[in-house]
Each structure stands twice: as C-alpha cells, then as structure tokens.
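Notes for the one structure printed next.
In each ligand, atom 1 is the first atom listed, and ligand 1 is the first ligand listed. Here the structure is a predicted model, which is why all the values come from computation and not from measurement.
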Amino acid sequence: MPRKAPTSIFLIFLCLLLLAFYSLLLSRSAISLSPTHLRFRPRNLTARYDAPDSFNHVIREDINELTHRTRLVTSIPGPVESVSVLLPNWEVLVLVSQDTPLTSNLGVGGFYCFFPRNETSPANFSGVLPFTGATTFKCTLPNRNRRLQPFHQPVLTRFPERETNVISAAPGMPRWDFLAYECFSTETDVVLFVKGVNNRQGINKSPEEFRCVFGNDIKNAVKTPVTSSKQEVFRCLHPNLMELSISPSTTAAAKRIKVSIEINREKLVVPSVAYYTPPRRHMPSNPNPTSLLCATTMVYNVAKFLREWVMYYSKIGVDKFILYDNGSDDDLERVIKELDEEGDYNIERIFWVWPKTQEAGFSHSAVYAKDSCTWMMYVDVDEFIFSPSWLKNSSQPSKTMLKSLLSISSNGSIGQVSIKCNDFGPSDQKKHPAMGVIQGYNCRRQAEQRHKSILLLEAVDHSLLNVIHHFDLSNNHYNWKELPLEAAVINHYKYQAWPEFMTKFRRRVSAFVADWRTRVNPMSKDRTPGLGFQPIKPEGWENMFCDVKDDRLKLWTKKWFGSQTPQGLKMAWQL
Ligand SMILES: *[C@@H]1O[C@H](CO)[C@@H](O)[C@H](O)[C@H]1NC(C)=O
Ligand SMILES: *[C@@H]1O[C@H](CO)[C@@H](O)[C@H](O)[C@H]1NC(C)=O
Ligand SMILES: *[C@@H]1O[C@H](CO)[C@@H](O)[C@H](O)[C@H]1NC(C)=O
Ligand SMILES: *[C@@H]1O[C@H](CO)[C@@H](O)[C@H](O)[C@H]1NC(C)=O
Ligand SMILES: *[C@@H]1O[C@H](CO)[C@@H](O)[C@H](O)[C@H]1NC(C)=O
Ligand SMILES: *[C@@H]1O[C@H](CO)[C@@H](O)[C@H](O)[C@H]1NC(C)=O
C-alpha cells in the first residue's frame, strides 16, 4: 500500500500541528481573556474613557474555566491573570485576585510587566488590598509604550522572555481618574468609591443620573438605584442576590461580583476594580469591644513620626488608630509591630493605594469603623491636640482628657467638635529633631489656621461628604461645635526642618489640592508663603513662620513624657 503512506504521514503531521496549536492556545488562555459579553457602547469620548473592556476583565462566572486556568497558572510558570490600572506618573498598578495563586518559593518577588513591543519593567510588590484581598504590584509603563494609544494592560509574568508579541490582544487599561475603585457594604446599603464622575470643584451630579451595576456579565447584571452622589462617594441599594443567579455551589472565586456605576445618559459603565460583598445576614456580635474614641489618618512614609503621635494620643484618650497607608515604603510596618509589642496600642493599617483620595479614605473610615468606634478623630501625624487647661492644672495625661472635650455642654447633641490649628515653623531646626516634633518646634505663626475635627460617627450625613477638616452632619439633628482656643488647640508642625518639609510637600495627598509644582491657585492657603513652584529652600527657611514662641505643649510633654538619663533628657518615644 505505498499510496497510503503519504496520507498517514500527512495525518500524523496534521495531528502534531493541531497539538502544537492547542498547546499554544492553552498557554495563552491564561491571558487572552476572551472578550466577554459585557460590551460597552462604542464611544468617542475623552481620552480617559478609552478602556472599554476592562470592566469585565478579571472574573468570569464559569467555574470550569476558572479552575482550568488556575491549574494552568500553577503548573506552567506562565503569566498570572491580572488586571491593571494606569496611575499618575506612568505607574501601572497590577491587581491579582486573591483566588489566583502566586505559587513559587519566590513569594511575590521576581515579577515583570510585559508590554506590547516586547517592553518589560519590573513589577514590584506593593501590598494586599484589605477588602478584596487582591495582591498589588506596581510597574512603570515603558517609554516606548507611552505613545501607543490606547494603552494595553501588561502581562504579569516571571518569564517575560517567554512571552511573544501576541499581547496586542490584551484589553485596554483603565485610568485611575475614571474608575470605580473600592466598595463597602453596610447593613442597609452599598458605598461605592468612584473617581472621575463628579468633578473636583464640588459639582456633584444628582443620584438619579446613575445606577449601580452588579455582576460580571452585562446580560445578567443587576442594577440598583443610587441614593447619594457626592465627590467620589456613591451609595446605592443592595442588589437582590437571587437575581444575580449565583448558585450556592459556586466557589468563593466565582462569587466575586464586580460592581460599578452606570452613567444613565451615556449608557456608560465606569471601569471598575471594585467588588461587592453581600451584607452579612446575622451581624456577628462584635468581637472587639467598641472603642469610644478612634483616630483615622492617611499616611505615607511617616514611620519616623508615628511613635510620638501614637504614644501621645494614646495617653490622652485615643483607644484605636486606623492608618490608611498609601503604599508606604519606609519602616511603617515594623514601627507598628514594635508599638504593638511594647504597649497596649491598637493600631490597624489599611493599605489604601488609590492616589489623591484623602477625602474618600475619610468617608470610607466613617462607614468602615462605625461598628467599632463611637467618635473618630481626623488629624494628621503632625498635628497634636491639647487643652490649655491640662497644662495650667499640671495634671498628668489621662485617658479622659480628649473625651472631656467631646462632652462640653451644649443644647442639642454634639455631632462634631472642631479644633483650631496653630501652624508651627521650622523653629531654627535644620533636620528632624531627635526628641520628636513637640520638643523640636516651638515657634509658630500668630493667627490660627483652619481646624480639624472629631466626628460622632452616628451623626455623619448619608453622603459621607467631608472636606478633610470636617464632615457634613445629618440634617439638623446634630450640632457642630467649634471649640475656642482656650478650650483646645492643635499644634500643627507644618513647616518642619527643610529636608522634612520638602519630602512632604512633594506628595500632596488631598484630591482637591494642586500639585505644589503646578502653577495654579498660587494664592491658595494650601500653598506655602515664600515657597514658589520649585523644591528649592527659600532664604532663611529656618526662621520663617515664627511670630510667637509657644512652649506650652513642649513643657508639658517634657514633664510627663520625658525622663532624665545619663545622656540627658529622653522622651518616651525615643528608642
Ligand atoms: C471622534 O472624535 C474626534 C476628535 O474629537 C472627531 O474628530 C471624530 O469625528 C469623532 N468621531 C466620531 C465617530 O464621532
Ligand atoms: C518580540 O519578541 C518575539 C520573540 O522573541 C519576536 O518574534 C518579535 O519579533 C518581537 N517583537 C518586536 C516588536 O520586537
Ligand atoms: C521597582 O523596583 C526597582 C528596583 O528597586 C526600581 O528601580 C523601580 O523604579 C521600581 N518600580 C516602580 C514602579 O516603583
Ligand atoms: C499616594 O502616593 C502617590 C505617590 O505614590 C501620590 O501621587 C498620591 O497623591 C498619594 N495619595 C494619597 C491619598 O496619599
Ligand atoms: C484641673 O483638672 C481637674 C481634673 O483633671 C478638673 O476637674 C479641673 O477643672 C481642672 N482645673 C482647671 C483650672 O482647669
Ligand atoms: C441654646 O439654644 C438657644 C436657642 O436655640 C441659644 O440661644 C443658645 O445660645 C444655645 N446655647 C448653647 C450653649 O449652645
């Protein structure tokens, strides 16, 4: 049968070809997520909208596909399923779902972002998101890719050299300034954090213009009305889980429900990396007893300042500290651990990676901590509240001190207490004072500036609206009390020794304050008088902002937190 030989050779060849093709398909399936059902209307909007497919990039409900892919990821060291967001300064935030194992003895190390044109950059581990459990990495968008619009999501891999150029099929990359980024479920509704919908000048669109969209698949998505739309905070009703057709047998992974908002008029769903968690049916009795007074602050690389701040406030009555950590890469973790070991400090660190979201972070903490804290103090780590009466009295610090400020007599019930700030200057310091800021800085400006607040969480308005300095209170029910300077004041160590000041002002955190190098709003109170748009030390910085010598807190803390050692005075927070 000589005539059959070529046919069988051909068949064998065909089989091999198919096999090769199939294995290629398999190895790609971990990244080339089939464009799914959730389609967005073709649009021609502004550049920031150019991430149409990202909303449904991560999670699919088909459990078979998911376990299949997971197996692939573990067996071949191929790319890791991820979703990416473009941050400012060409940084790319890569999120890997909690359900995707990053198996390797390398832990979270050794990863790269692989971009079109075979460009790669190291993907550095950034942190684990507290509410979705997603592991995050940051990489830089390579120069050559910055002109390649639309931007494609990179592939996260340990072996970029094994990747080929097929990545151009990767979905578009959403940008941080138009994104649903966090979600929190209360017992009664859903709080969703969305950037780029309401504008920064405080013009908030009406809730009727939106709907919340739950689900990974537009055909089965469930939409609920929005009840509040202020700044980046949207509230909407819980979806009916039955409608989401999640069977009880589905795994946790597939139960993850993406959530975003839809702009009704444009039929546009905002790209999202936020997930919905259903309300717990029976709220378990709170394992931690409620704290009367907690403190929330947003931090970035403040390890050096934390001990003094925590030890001071703890002594005068703060029971619990919640730090929203914007990706610190200093020793914060270690300092928190040391404090925990040394004393009975209750410090919670929440990894909060979203840029320019201080207000939203504060709103988040107002709902997040509602079950565990009665009052919430919102001050920065360079701000120290005291009452002049504590000093006169030469009384020892006590846990009742701050709390006594909250019960100052008033007609109705107090929902928020605000305290004015005195801004301190460099006080002739050239570097960070070893004994801490209270001992180091004692010369300040004459007039008090602004205020910070302690909020009764129960009193906060439904919108969770805040301007960092204070919150809106729910209508007329609660009073807002601003304390006179005689009752309480904040020492704000704002203009520190030049190296500290420069570092801090390079990173403005509020959503509504311009970058200090940007030539807008030159007269704003947020700007530093005498400081231009360049990080150059103004002449005579050491003695600027020094109208009044104010030693009050310095002397009091020296007495109660200082001790004499053979090396001289040592403060409790000095190691
Ligand atoms: C898309 O936008 C560009 C520039 O804004 C405009 O020139 C073009 O006509 C638009 N295309 C469509 C289909 O609207
Ligand atoms: C990327 O690398 C692959 C394999 O190494 C190669 O075949 C391809 O031509 C490269 N593409 C570019 C744009 O350099
Ligand atoms: C990642 O780490 C490397 C090495 O430390 C550094 O050069 C690079 O800038 C980092 N990338 C990002 C996006 O932070
Ligand atoms: C967080 O840090 C980034 C720089 O890494 C900065 O651009 C951003 O404004 C910061 N955001 C907050 C809320 O602190
Ligand atoms: C001194 O402290 C006590 C208790 O700490 C307080 O009751 C009293 O009002 C204080 N006196 C002054 C003058 O502030
Ligand atoms: C109490 O309420 C009355 C009338 O509303 C007002 O005149 C008075 O100033 C209030 N007192 C305090 C301490 O707030």
Side-chain angles (χ1 to χ4, degrees), residues 31 48 51 54 57-58 77 79-97 100 102 104-130 132 134-163 167 170-179 181 195 271 273 298-304 323-334 349-357 502-509 515 517 535:
I31 53 154
R48 58 180 197 168
S54 51
H57 176 48
V58 224
V80 173
E81 186 179 350
S82 64
V83 63
S84 303
V85 174
L86 184 62
L87 300 181
N89 305 320
W90 303 110
E91 272 191 341
V92 175
L93 180 74
V94 184
L95 299 102
V96 178
S97 148
T100 305
L102 295 168
S104 155
N105 46 12
L106 287 170
V108 289
F111 279 106
Y112 293 87
C113 288
F114 181 78
F115 292 90
R117 299 187 174 180
N118 295 347
E119 295 280 329
T120 60
S121 64
N124 304 339
F125 172 70
S126 182
V128 175
L129 295 181
T132 57
T135 304
T136 64
F137 297 84
K138 277 186 186 174
C139 58
T140 304
L141 188 69
N143 264 314
R144 285 179 62 202
N145 289 78
R146 295 180 189 175
R147 291 182 304 273
L148 268 187
Q149 297 254 13
F151 302 120
H152 290 292
Q153 307 208 12
V155 168
L156 184 69
T157 175
R158 284 207 169 94
F159 302 96
E161 64 282 358
R162 288 188 199 165
E163 300 300 326
I167 192 181
M173 182 156 56
R175 299 192 185 196
W176 70 287
D177 60 357
F178 187 60
L179 183 74
Y181 56 93
K195 263 208 182 282
V273 293
M298 193 152 292
V299 300
Y300 177 77
N301 285 1
V302 298
K304 192 190 318 189
L323 310 179
Y324 280 67
D325 177 12
N326 178 25
S328 295
D329 49 16
D330 65 353
D331 271 347
L332 186 70
E333 195 78 67
R334 183 180 54 81
R349 171 175 170 260
I350 293 179
F351 180 59
W352 185 262
V353 72
W354 316 110
K356 291 201 180 280
T357 50
M502 193 182 69
T503 314
K504 177 179 150 202
F505 263 66
R506 283 199 165 153
R507 300 183 165 271
R508 297 311 311 267
V509 291
D515 187 291
R517 285 164 298 182

Taking the side chain as everything from C-beta on, heavy atoms only, tell me whether Phe115 gets closer than 4.5 Å to Gln153.
no

Please work out which of the three classes, parallel, tilted or perpendicular, describes the rings of Tyr181 and Trp354, given edges at 30° and 60°.
tilted

Would you call Glu91 and Leu86 a side-chain contact if the rule is heavy atoms closer than 4.5 Å?
no

Could you tell me, for ligand 3, which of its N or O atoms are under 3.5 Å from any protein N or O, listing the pairs and their distances rounded to 0.1 Å?
unit_1: ligand 3; atom_1: 2 (O); unit_2: Asn124; atom_2: OD1; d: 3.1
unit_1: ligand 3; atom_1: 2 (O); unit_2: Asn124; atom_2: ND2; d: 2.3
unit_1: ligand 3; atom_1: 11 (N); unit_2: Asn124; atom_2: ND2; d: 2.9
unit_1: ligand 3; atom_1: 14 (O); unit_2: Asn124; atom_2: ND2; d: 3.4

For Arg334, check side-chain hydrogen bond (donor to acceptor under 3.5 Å, both in side chains) against everything at least two apart and list the hits.
Asp331, Glu338

Can you list the residues that meet the side-chain hydrogen bond (donor to acceptor under 3.5 Å, both in side chains) rule with Asp325, with sequence neighbours excluded?
Ser328, Arg349

How would you list, by chain and number, every residue that makes a ring pair (Phe, Tyr, Trp, His ring centres under 6.0 Å) with Tyr324, sequence neighbours excluded?
Trp352, His364

